[in-house]
**Q** 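Attaching a single structure in structure tokens format; questions to follow.
In what follows, every chain begins at residue 1, and chains take the letters A, B, ... in the order their sequences are listed.
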Amino acid sequence: MASTQFQPIQGMSDIAPPDIALWQMIENRAREIFARYCFEEVRTPVLEKTELFSHSLGETTEVVTKEMYTLEDRGGRQLSLRPEGTAGVIRYIAGSGEAANNRLFYLGSMFRCERPQAGRKRQFHQIGVEAIGAPNPLADAEVIALQVHLLAAWGLEGAKVRLNTIGLPEDRAAVIKGLREAIRPHLNELPEDAQQRFKTNVLRLLDSKDEAVQKVVAKVPPVIEFMSAESRAYLDAVIKTLKQLEIDVEVDASLVRGLDYYVHTVWEVVHGSLGAQNALSGGGRYRIEVGKKTFDGVGFAMGVERVITALEANGIGAAQFAPAPPVFIVSLGEAALNENLLLLQMLRQRGVACEMELSDRKVKAQMKRANKTGAKQVIIRGDTELEKGIFVLKDMKEGTQREVELPELMELL
RNA sequence: GUGGGUGUAGCUCAGUUGGUUAGAGCGUCAGGUUGUGAUCCUGAAUGUCGCGGGUUCAAAUCCCGUCACUCACCCCA
């Protein structure tokens, strides 16, 4: 029934078997790799004060102005479901002082109330890291290395890292001014909405998809030209270190980021399979103020749904990570059912995954169910076997079966 | 927020210029004798044709609205 009454709300989905196996693989391997880079997990609340996000992401960013799920609690406080993970982690660190590890990772749901499309859900999942510390090109390169390592651990091929700098906050005015001056002569070549953005957010013109805009942007010098020597040297150092580490990146002067907290290095990982939302990850160095404290750090967030799309395009799917099929126990008669219940428990305690039919159904029905679970081995024990103290062990693939005693059964499973 | 496409059984879809009890494949369930699955054979069940309204003697089919899915813009992971 195509009824809406059992569907989750728009832009949100149930993640369930068999697909869940791929999610688990992604999370498990991420944990392994994070451990090697000495990042530890943090789980922050999904609900935070709205101002935490508006301050750190920027009051005027689209995410804050249009996309947050915001609500008022009974005390009249403005709260929002987190649209990203960094702000909450920084708040945690700010509150923990010296005690907090400055290398943290997180994974969990994020919420943005946008129109869903390919690679964009309203509840989506991110895996991210934050390495807190003063700006240091080596730290940026290390985090990019971690990210590339992670992609490899998942078996993902064909991903590209695009890298750029957006410079220091002090550079920003110069960049905007320089960009405006460079574009102004071509202003009449731009469509109307782009002319609007020329005033409100010139940087955004750089990564516009509009052909007319791209034509103009191609004539404009790269943004680093407008930046201080310090900013340029920082980017060069990051690039040099990545080269040493033999990590392939593509420096792309048109890459910009939407959140206000970014400084210096920014990057994204793109993959051809993704449709219009072609970035499966976004990262960068940032500077965030929480209360009177300022935090410098570098990190990234990967969209798990997008990673999955890319993996599937690589032929990597949930089926490859499905749990091993259980052993199935078939009973006949009440006495055998009870005895088999004990057997079931014993096997489970020995580490064997197994399942059995708990109601008194026909052998045929039980076998059918065993087959459906994918069981390779089936133990059949009815009253006859019970009397003889044996078990019938059937190999489902071969279709053969033989009688065994308990010690041998244990041996075989 | 704006625009395009789609919405028929659990799933994938057919349904001709509006015309009688709406179909297929897969899946499900039951049989093919006594305690054996998958294969094979036989049979069965299942649809407010997304929802609401309108046009018509007659609507799954045409019109309007609405909801949802999907893709794109925008923005972002």
Side-chain angles (χ1 to χ4, degrees), chain A residues 1-13 57 60-68 82-86 107-128 147 191 193-194 196-197 201 204 207-210 255-259 266-271 274-284 299-310 328 330-333 336 357 360-386 392-401:
Chain A
M1 192 172 167
S3 158
T4 57
Q5 72 176 311
F6 301 124
Q7 283 182 353
I9 63 177
Q10 188 176 34
M12 308 203 175
S13 10
L57 310 188
T60 59
T61 53
E62 293 259 330
V63 170
V64 166
T65 55
K66 294 186 190 164
E67 297 171 2
M68 286 204 296
R82 60 182 183 194
E84 57 93 65
T86 302
L107 35 89
S109 300
M110 307 295 160
F111 303 84
R112 290 184 198 177
C113 193
E114 310 171 80
R115 282 287 283 273
Q117 72 183 75
R120 194 169 77 185
K121 303 293 256 175
R122 287 184 167 179
Q123 175 172 1
F124 59 103
H125 298 79
Q126 286 189 338
I127 297 178
Q147 168 141 48
D193 60 324
Q196 194 57 38
R197 241 176 304 159
N201 195 352
R204 272 282 153 218
D207 65 352
S208 170
K209 288 174 191 164
D210 191 295
L255 177 65
V256 291
R257 307 261 78 200
L259 277 19
V266 291
W267 71 89
E268 64 183 25
V269 179
V270 294
H271 196 270
L274 262 37
Q277 262 60 43
N278 67 345
L280 58 82
S281 172
F300 62 77
M302 321 190 84
V304 180
E305 285 83 355
R306 293 184 187 181
V307 168
I308 285 172
T309 306
F328 200 94
V330 168
S331 324
L332 187 79
E357 173 60 52
D360 188 24
R361 298 183 68 190
K362 285 196 281 190
V363 173
K364 187 171 184 154
Q366 295 187 54
M367 288 302 296
K368 224 169 177 176
R369 190 177 148 196
N371 188 60
K372 231 183 288 177
T373 64
K376 291 201 172 68
Q377 293 167 304
V378 174
I379 299 168
I380 303 163
R381 186 161 68 153
D383 295 336
T384 325
E385 288 76 18
L386 215 52
V392 171
L393 184 63
K394 175 160 182 166
D395 182 322
M396 292 297 271
K397 200 173 166 200
E398 300 296 322
T400 56
Q401 63 185 52

**Q** Mind checking the P distance from rU42(B) to rU56(B)? Whole angstroms is fine.
**A**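 Nearest-Å result for rU42(B) against rU56(B) at atom P: 49 Å.
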
**Q** Using a 3.5 Å limit on both distances, find every run of at least three consecutive Watson-Crick or G-U pairs that involves RNA chain B.
**A**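 Consecutive-pair runs (3 or more) involving RNA chain B: B:1-7 with B:67-73, B:10-13 with B:23-26, B:28-32 with B:40-44, B:50-54 with B:62-66.
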
**Q** If the C1' atom of rG32(B) is compared with that of rG37(B), how far apart are they to the nearest Å?
**A** 16 Å

**Q** Does R257(A) make a side-chain donor-acceptor contact with the base of rC75(B), cut-off 3.5 Å?
**A** no

**Q** With a non-hydrogen cut-off below 4.0 angstrom, is E84(A) in contact with a base, only sugar-phosphate, or nothing?
**A**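 Nothing: the residue E84(A), judged by heavy atoms under 4.0 Å, touches no strand.
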
**Q** Under the 3.5 Å rule, do the base of rU36(B) and the side chain of Q366(A) count as making a donor-acceptor pair?
**A** no

**Q** Under the 3.5 Å rule, do the base of rC73(B) and the side chain of R115(A) count as making a donor-acceptor pair?
**A**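 There is none.
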
**Q** I'd like the P distance from rC63(B) over to rG18(B), given in whole Å.
**A** 11 Å

**Q** Looking across every strand, which nucleic acid part, if any, lies under 4.0 Å from K121(A) by heavy atom: base, sugar-phosphate, or nothing?
**A** base

**Q** Can you check the distance between rU12(B) and rA72(B), where both ends of the measurement are the C1' atom (answer in whole Å)?
**A** 26 Å

**Q** Which value, in whole Å, describes the distance between the P atoms of nucleotides rC75(B) and rU70(B)?
**A** 22 Å

**Q** Under 4.0 Å: is that the gap between some side-chain N or O of K209(A) and OP1 or OP2 of rC73(B)?
**A** yes

**Q** Could you go through nucleotides 29-31 of chain B and list every protein N or O atom that sits under 3.5 Å from one of its N or O atoms, giving the distance for each pair?
**A**
| residue | atom | partner | partner atom | Å |
| --- | --- | --- | --- | --- |
| rG31(B) | OP1 | K362(A) | NZ | 2.8 |

**Q** Determine the interatomic distance between C1' on rA30(B) and the same-named atom on rG53(B); round to the nearest Å.
**A** 43 Å

**Q** Using the P atom on both, measure rU21(B) against rG3(B) and round to a whole Å.
**A** 40 Å

**Q** Between K66(A) and E114(A) (salt bridge meaning N to carboxylate O under 4.0 Å), is one present in this structure?
**A**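 No, K66(A) and E114(A) are not salt-bridged.
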
**Q** Using a cut-off of less than 4.0 Å, is there contact between a side-chain N or O of R197(A) and OP1 or OP2 of rC75(B)?
**A**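 Answer yes for this pair, as a side-chain N or O of R197(A) is under 4.0 Å from OP1 or OP2.
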
**Q** Phosphate oxygens OP1/OP2 of rC69(B): is one of them under 4.0 Å from a side-chain N or O of Q10(A)?
**A** yes

**Q** Tell me if the side-chain of Q277(A) makes a donor-acceptor pair with the base of rC75(B), cut-off 3.5 Å, by modelled atom types.
**A** yes

**Q** Can we say R369(A) and E357(A) salt-bridge, meaning some charged N sits less than 4.0 Å from an Asp/Glu carboxylate O?
**A**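 The answer is yes: the pair qualifies as a salt bridge.
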
